[in-house]
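Here's the structure, in C-alpha cells; my notes come after.
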Protein chains: 2
Amino acid sequence: MVRAVPDTHGEILAAAARQFTVTGYRGTSLQDIAREVGCSKATVLYHFANKEALLAELMAPAIEVLRSLDEQLTGLTGAAAQEVAAQGFVDLAVRFRQEIAVLRGEFPELLCQPAFAHIQEISDRLRDALAGHSDRPGARIAALVLLAGISEACGEFADIPDDELRLALLTLARRAVEPVDAPLPHPPTTEDKDS
Amino acid sequence: MVRAVPDTHGEILAAAARQFTVTGYRGTSLQDIAREVGCSKATVLYHFANKEALLAELMAPAIEVLRSLDEQLTGLTGAAAQEVAAQGFVDLAVRFRQEIAVLRGEFPELLCQPAFAHIQEISDRLRDALAGHSDRPGARIAALVLLAGISEACGEFADIPDDELRLALLTLARRAVEPVDAPLPHPPTTEDKDS
DNA sequence: CTTCCATCTGACCGATCGGTCAGGGTCTGA
DNA sequence: TCAGACCCTGACCGATCGGTCAGATGGAAG
C-alpha cells in the first residue's frame with residue numbers, strides 16, 4: 001500500500017480555510033487549526049511564517065483573479081463596465097466561495113495587512129464599475145448591496161452547484177443594477193472576451 | 001451652570017456601539033471601550049454584568065423591532081409577504097444602521113449567545129417571506145443577497161440621509177426580488193422577462 | 001458625626017493568544 | 001558511517017483577553 005506523502009502544508013491550508021469560514025480569521029486560533037490537522041501549533045508556524053502569511057497564501061488565488069478582473073475593467077464605461085463587472089465578480093465569487101466567505105465580515109480589519117494592500121482600491125473600482133461609473137446614490141447603493149450580498153450568498157449556499165448559483169446571481173445582478181443612460185458603446189466584439 | 005449628571009451607563013453603550021461597528025464585537029476589548037469613555041475597565045463591568053450583556057442591551061431595541069416585523073409577517077403569502085418583508089426590513093436596517101452593522105459578519109458566532117436565541121429563526125422566516133415563500137433557488141438566493149447587502153449598505157453609507165437611503169434600498173429590493181405568480185401592487189416594467 | 005449606598009478604581013487572576021526556540025527524529029547522499 | 005537537510009515537537013514567552021475583588025470616594029439621610 002502506497003503511503004501517501006503527508007502534505008502537511010496543504011492540510012493546514014485546507015483546515016484553515018474551513019475554520020476561517022466558520023469562526024472567522026480572528027475567531028480561529030492556530031491551536032484550533034493544528035488540532036484539526038492533528039499536528040502541533042509549532043508545526044503550523046513551521047510551514048507558515050505567521051498567521052497572517054497563512055491567510056495570505058489562502059487568499060492568493062482569489063486575489064489574483066480579482067486583480068485580473070480589475071485590469072479588464074480599465075477603460076470600460078457605462079453598461080459595458082456594468083456587465084463585465086457583474087459577470088466577472090459573480091464568476092469569481094462562485095469559484096472562490098470559501099475564500100470570499102473568509103473575507104466577509106472581517107473586511108476592514110484584514111485589509112490593514114500589507115498582503116491585502118490594494119484590495120480596497122480594487123474593490124472600490126469594481127463597485128464603481130458595477131454602478132456604471134454613475135455617482136447617483138441609487139446606483140452606488142445598488143452596487144454595494146450586490147457585491148456584499150453576492151459574497152454572502154456564495155458562502156451560504158454551499159449546496160447549490162456552481163452553474164446554477166452563477167446563473168441565479170448574474171440574473172439578479174442584471175436586474176438589480178441601475179441602468180445607465182448611455183447605451184452600450186458597442187456590443188463586445190472581437191475584443192478579448194471571456195468564455 | 002447645571003453640571004449634567006454623568007450618564008456613564010449611556011456613554012459606555014454609545015462608545016461600545018461605535019467601536020463594535022468599526023472593529024467588530026470580538027475585535028473590541030472592554031479596555032478599548034473604557035478608554036474611549038474615559039473610565040476604567042472595571043467601571044464598564046460595574047454597569048454591565050459582562051461583555052455579552054453589553055452587546056445584548058445595545059441590540060435590544062433593534063431586536064424588538066425585528067420581532068414585531070416577524071409577527072406582521074405571519075400568515076402573509078406571496079407578493080404581500082414580499083412587500084411587507086422588504087419594506088419592514090429596509091426600514092429597520094436604515095433606522096438601526098449601527099446595530100445592524102455590528103451583527104454583520106459576526107452573525108453566526110453571536111447568535112450562539114442566549115440573548116439572541118431566536119434571531120436566527122426570525123431572520124430565516126424574514127428571508128423566506130422576502131422570497132415570497134418560494135422554494136426556487138433563484139428566489140431564495142435573491143432574498144439572501146438582498147438581506148445581506150442591505151445590512152452592509154446601511155453600515156457603509158452613513159453620509160446618506162435616512163429617507164434617501166430607504167427609498168433607494170426599497171426600489172432596489174422591489175426590482176431584485178423574484179416576482180411570484182401572485183399579482184403585485186406595483187407591476188414591474190414589462191421589459192423584464194423571466195421564465 | 002455617623003451610616004449607608006451608589007459609583008468608581010487599581011491590582012490582580014486564570015486563560016488564551018501569536019510566536020520563539022532548542023532539540024529530537026528520519027531520510028538521503030556522500 | 002556520518003553530515004546535513006527537512007519535518008516536527010514540547011516547553012516556554014510576553015501580551016492581552018474577560019472578569020473578580022477589596023477598598024477609596026463622595027453625597028444624602030439619620
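Letters go in sequence order (proteins before strands), and every chain restarts at 1. Model, not experiment: these values are computed from the prediction.
Within the 4.0 Å cut-off from OP1 or OP2 of C/dC17, at least one side-chain nitrogen or oxygen of A/S29 is found. Taking only side-chain nitrogens and oxygens, B/T8 comes nearer than 4.0 Å to OP1 or OP2 of C/dC8. The side chain of B/H47 contributes an N or O atom lying less than 4.0 Å from OP1 or OP2 of C/dC8. Residue B/T43 has no polar side-chain atom (N or O) positioned under 4.0 Å from OP1 or OP2 of C/dC8.
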- Item | Derivation of the side-chain contact (heavy atoms from CB on, under 4.5 Å) call for A/R67 and A/I63 | CA-CA 6 Å; A/R67 213 182 295 271; A/I63 289 178; 3.4 Å; yes
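Residue B/L54 contributes atom CG, which lies 10 Å from atom P of D/dG19 at whole-angstrom precision. Atom CD in B/Q31 sits roughly 15 Å away from atom C1' in C/dC13 (whole-Å rounding). In this structure, A/Y25 atom OH and C/dG18 atom C1' are separated by 9 Å, rounded to whole Å. When the P atom of D/dG19 is taken as reference, atom NZ of B/K41 falls 9 Å away, rounded to whole Å. Taking atom OH of A/Y46 as the reference point, atom C1' of C/dG23 lies 14 Å away to the nearest angstrom. With rounding to whole Å, B/E11 atom CD is found 14 Å from C/dT7 atom P. Here the P atom of nucleotide C/dC13 and the CG atom of B/L45 are 18 Å apart, to the nearest Å. Following rounding to the nearest Å, B/L55 (CG) and D/dG18 (C1') show an atom-to-atom distance of 14 Å.
In terms of position along DNA chain C, the nucleotide closest to B/S40 lies nearer the 5' end than the nucleotide closest to the other residue of the pair A/D32 and B/S40. Residue order along DNA chain C, read from the 5' end via each residue's closest nucleotide, puts A/T28 first among A/T28 and A/A42.
By the 6.0 Å and 45° rule, A/K51 stacks over the aromatic ring of A/Y25.
Rounded to the nearest 0.5 angstrom, A/I33 CD1 and A/R18 CZ are separated by 10.5 Å.
Using a 4.5 Å heavy-atom threshold, the side chains of A/V102 and A/L55 count as touching. Between B/R140 and A/F157, some side-chain heavy-atom pair lies under the 4.5 Å cut-off.
A/L30 comes within contact range of the sugar-phosphate backbone alone, with a heavy-atom separation under 4.0 Å but no base atom that close.
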